[in-house]
Amino acid sequence: LSADTVGPSVIESAVKARLSACKLKNLHDYWEHVRASETELQELIDAVIVPETWFFRDREAFAALAHEAYNKWLPAHPDGQLRLLRLPCASGEEPYSMAMALLAAGFPGSHFRIDAIDISVGLLKRAQEAVYGRNSFRGKHLDFRDRFFEPAGREFRLAQAVRAQVRFHHGNLLDPRFVPDTTAYDFIFCRNVLIYFDRAAQDRAVHVLTRLLKADAFLFVGPSESGLLLNHDFVSAKLPLAFAFRKKAHASLELDTSLATGLAPPPKPGRGSVRRVAGPAAKPDVKPRAASRPAAASSSGWGTTAS
């Protein structure tokens, strides 16, 4: 983390809190303790992280995901398995939003799986419990809450059909052992985290994300992170307000193929031709199909905690 971005006071407050919790007298003693204890290091990490997340934050990104997945990916891979990744996933609002967007669009639950990764053990536990207070529901478009949640006292519990689509894992994006090289995803959401890294860490993170993406995949980032990707051989996917990018090499290949064959981009579907996707902001008119629960994740060096 960049102290200049996160704020030195945040780190200082976290260290002081842990110093008190460990009943140590000075920073040197705590430094020695945290270096020797993985448990205490995790406690410090959880104390530093201050998550800010809610369901369907930046709705255009989820509408773009649903459109690209249902209207383009699914017809090309009718028997395939769509693979998606969200990191960091915090307390689960974003990966669950991805799942709800796909289910609301009519994407079969049996044909997609979402991996959700975070460095915070405490946040992962909350994500797997899938019970949320009103702060997780912001804005005017809350039809999804009526469809996918049930009241749980003053909170709301997410439906099992949505929870079954997401597998949670404990992991660190900057860990050299992070995710096997054989893993590749069609869509990755890594939004509003790169801005908190220093430049060296940003470069390392983008390198890892590039490795995790399939050749024709989409990477969604936060609005303030677009310039960073343009400096790392990515180009805009040209999805309005979604802040989605693709690998430059693949985008160039698509352009060359189009020019070589003389093909123009396919026309937009008219009425009655291809089913239009209802974006998350609209009230879905199709109930999601029953979701098959993915098998428990195998241990792979992620420090896996599967939902």
Side-chain angles (χ1 to χ4, degrees), residues 52-77 82-90 92-107 112 114-116 138-144 165-166 184-196 202 205-206 209-210 212-252 254-255 265-266 268-269 274-284:
E52 177 67 6
T53 183
W54 60 90
F55 289 107
F56 290 105
R57 181 182 182 181
D58 301 324
R59 302 181 69 84
E60 294 82 1
F62 300 100
L65 165 64
H67 178 272
E68 293 294 321
Y70 184 86
N71 287 335
K72 297 183 180 180
W73 189 93
L74 188 58
H77 308 83
L82 184 71
R83 301 199 63 197
L84 306 98
L85 172 66
R86 167 55 184 168
L87 75 160
C89 65
E93 285 90 336
E94 182 140 336
Y96 286 142
S97 294
M98 295 165 68
M100 286 186 283
L102 290 171
L103 292 171
F107 201 103
F112 76 91
I114 300 172
D115 288 321
R138 307 185 193 181
K140 299 179 181 179
H141 304 289
L142 299 178
D143 292 341
F144 69 91
Q165 299 301 132
V166 183
Y185 293 92
D186 301 287
F187 293 87
I188 294 180
F189 275 54
C190 184
R191 307 194 308 153
N192 305 307
V193 64
L194 300 176
I195 54 174
Y196 294 109
Q202 287 177 340
V206 173
L209 293 171
T210 302
L212 295 176
L213 284 164
K214 293 182 179 178
D216 57 346
F218 292 82
L219 173 60
F220 290 77
V221 297
S224 301
E225 298 163 335
S226 299
L228 174 63
L229 290 190
L230 293 175
N231 293 328
H232 284 82
D233 292 326
F234 279 85
V235 295
S236 172
K238 297 182 179 179
L239 301 174
L241 300 178
F243 304 101
F245 292 81
R246 305 180 83 177
K247 294 179 180 179
K248 183 183 294 185
H250 178 75
S252 299
E254 284 189 331
L255 178 61
K268 295 182 179 179
V274 179
R275 179 179 178 273
R276 295 177 182 270
V277 174
K283 189 170 184 177

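Between Asp58 and Pro223, the shortest heavy-atom distance links the atoms OD2-CD, 4.4 Å. Looking at every heavy atom in both residues, Leu194 comes nearest to Ala205 through CD2-CB, 3.6 Å. Listed here is the closest heavy atom pair of Val166 and Ala99: CG2-CB, 4.4 Å. The two residues Ile195 and Gln202 make their nearest non-hydrogen contact at CA-NE2, 4.1 Å.
Side-chain atoms of Arg57 do not come within 3.5 Å of backbone N or O of Glu93 as any donor-acceptor pair. No donor-acceptor pair closer than 3.5 Å links the side chain of Lys247 to the backbone N or O of Ala217. Judged by distance alone, with hydrogens and angles left aside, the side-chain atoms of Glu225 form a donor-acceptor pair with the main-chain N or O of Asn192 at under 3.5 Å.
A cation-pi arrangement, defined by a distance under 6.0 Å to the six-membered ring centre and an angle within 45 degrees of its axis, is absent between Arg83 and Phe112. The cationic group of Arg191 does not satisfy the cation-pi geometry with Phe189, failing either the under 6.0 Å distance to the six-membered ring centre or the 45° limit from the ring axis.
Taking the side chain as every heavy atom from C-beta outward, Met98 and Phe62 approach each other to under 4.5 Å. Looking at heavy atoms from C-beta onward, Phe245 lies in side-chain contact with Leu230 at the 4.5 angstrom threshold.
Note that CZ of Phe56 and CE of Met100 are 4.5 Å apart. Values are rounded to the nearest 0.5 Å. Residue Leu229 holds its CG atom at 8.0 Å from OG1 of Thr210, rounded to the nearest 0.5 Å. Atom-to-atom distance recorded for Phe107:CZ and Asn71:CG is 10.5 Å, nearest 0.5 angstrom. Here Leu102 contributes atom CG and Gln165 contributes atom CD; the two are 8.5 Å apart, rounded to the nearest 0.5 Å. Distance check, rounded to the nearest 0.5 Å: CH2 of Trp73 to CG of Leu82 gives 5.0 Å.
Annotation: salt bridge (Lys or Arg N to Asp or Glu O under 4.0 Å) contacts involving residues 98-107, sequence neighbours excluded, are absent.
Ring-plane geometry between Phe218 and Phe187 is classed as parallel, the angle between the planes falling under 30 degrees on a 0 to 90 degree scale with a further cut at 60.
Remark: Arg86 pairs with Glu94 by the salt bridge (charged side-chain N to carboxylate O under 4.0 Å, His left out) rule, at least two apart or across chains.
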Counting only pairs under 3.5 Å, give me each side-chain donor-acceptor contact of residues 232-244, with atom names and distances, residues two or more places apart or in other chains.
| residue | atom | partner | partner atom | Å |
| --- | --- | --- | --- | --- |
| His232 | ND1 | Leu228 | O | 2.9 |
| His232 | NE2 | Asp203 | OD1 | 2.9 |
| Ser236 | OG | Lys238 | N | 3.0 |

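Exactly one of Asp115, Val221, Leu87 qualifies for a side chain to side chain contact (heavy atoms under 4.5 Å, CB included) with Ile188. That residue is Leu87.
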